[in-house]
Amino acid sequence: MTEEHFSAKPISKTIQHGKVTWESPSNIALIKYWGKKANQIPENPSISFTLNNCKTITTVTYSLKDSGTDFDFDVFLDGDKKDDFKPKIATFFKRVEGYFSFLKDFHFKIETSNTFPHSSGIASSASGMSALALCLLSIEQSLTKSEMLDEYFKKKASFIARLGSGSACRSIEGDLIVWGNNDIVNGSSDLYGVKYPFEVHENFKDYQDTILLVDKGEKQVSSTVGHNLMHNHPYAHSRFQQAHDNLQKLKPILESGDLIAFIDLIESEALTLHAMMMTSMPYFILMKPNTLEIINKIWTFRKVSGLPVGFTLDAGANVHVLYPKKDANAILEFIKHELVAYCENRQYICDQIGFGAQQIDNG
Ligand code: DP6
């Protein structure tokens, strides 16, 4: 499938206003997207667990306006007008303009809220951009009065979400999503995420992700800047190859339920991501001392208890503690007794694998 497949559909202007709501989850990558080409094309494939509890809920109210020369929208977070969010959304609208024919004809009121605390350091771009992309798709569907096949709707939503934020294309569906062209997953694409098509062992059903909020402050270096530093990065080539190799290695691990091999692979991916940051020019470090304290505690606990607990990191200081549901009681006790002390205000979020976005009926 190419970009043309997602081209704008002509609209009929008999519908002058409407309202649509979607809730869309965040996701956590096991094999990381880090480095991109023009137009949000990833340098390597990635795979993620879709989350269940960390979500953005977005309502878009649209009303036809007189002249259609520019984008016209307002953004609200938890009911408060957020003009500082506008440039990011204007950039997004510009990027997706060619794929919708109605963006300049309507005024949009975008109202959004997150289930996780604001400025928790949790990436809200994946859930936020996917929720907004889904709202635009639903509006397109209403305005064109077309019967879009569910599969096409989801693909285009993922394609549009990607143009807002790369990782957002992995939030439309669950529970394991692959993004980026590769030889292992048939039908994989740089343009959108696809469901992981192979067998997955019981061990990974209901997998738990407890997110330890180590640092809730604004990141010093954004993901976008970090991705760009992979251009001319001394290890870029081998890192991109490694992501392909790791996807190949992950397949038998997911199939057999080998939790030890799984932990080895995902922890290595997390540390490699941060190693890329440390070896960029300019170099930077997003982990904090407490990130390392937590990692060391996890390693000691794993050795002593024999329980399959591992971690991954996103582009920040927070730690995602990953473990199977069957060991949740013991591991949650460990988290509460030994790890929570390293979190800012002792804050953490309990999440688990989820199955993707949902439309909310506006009644
Ligand atoms: C480390 O998707 O936030 O979380 O495409 O510039 O919006 P943009 O970047 P973004 O990068 C996410 C990077 C990551 C790894 C991952 O989610 O795969």
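Counting starts at 1 for both ligands and their atoms, in listed order. Predicted model, so just to flag it, every value in this text is computed and none were measured. All values below were derived from every heavy atom in this structure, side-chain atoms included, with hydrogens, water molecules and symmetry-related copies excluded.
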Within ligand 1, which atoms have a heavy atom of [X] less than 4.0 Å away?
X	answer
R170	16 (C), 17 (O), 18 (O)
A29	16 (C), 17 (O), 18 (O)
K36	5 (O), 6 (O), 8 (P)
S223	3 (O), 9 (O), 11 (O)
G166	2 (O), 5 (O), 7 (O), 8 (P)

What's the shortest heavy-atom distance between S268 and Q242, and which atoms?
OG-NE2, 4.5 Å

When you measure from the side chain of [X] to the backbone N and O of [Y], does any donor-acceptor pair fall under 3.5 Å?
X	Y	value
N290	V214	no
K82	V75	no
S165	S125	no

Would [X] count as a polar contact of ligand 1, with the cut-off being nitrogen or oxygen pairs under 3.5 Å?
X	result
S167	yes
S46	no
D314	no
K32	no
N27	no

Indicate whether any N or O donor in one side chain lies under 3.5 Å from an N or O acceptor in the other, for D245 and Q241.
yes

Check: S127/S26 side-chain N/O donor and acceptor closer than 3.5 Å:
no

Pair F159 and H5, ring centroids less than 6.0 Å apart
no

If you take the centroid of each ring, where Trp contributes its six-membered ring, are F102 and F100 closer together than 6.0 Å?
yes

Within the 4.0 Å heavy-atom cut-off, what L273 brings close to ligand 1 is side chain

So for S165 against ligand 1, with non-hydrogen atoms under 4.0 Å, the contacting part is both

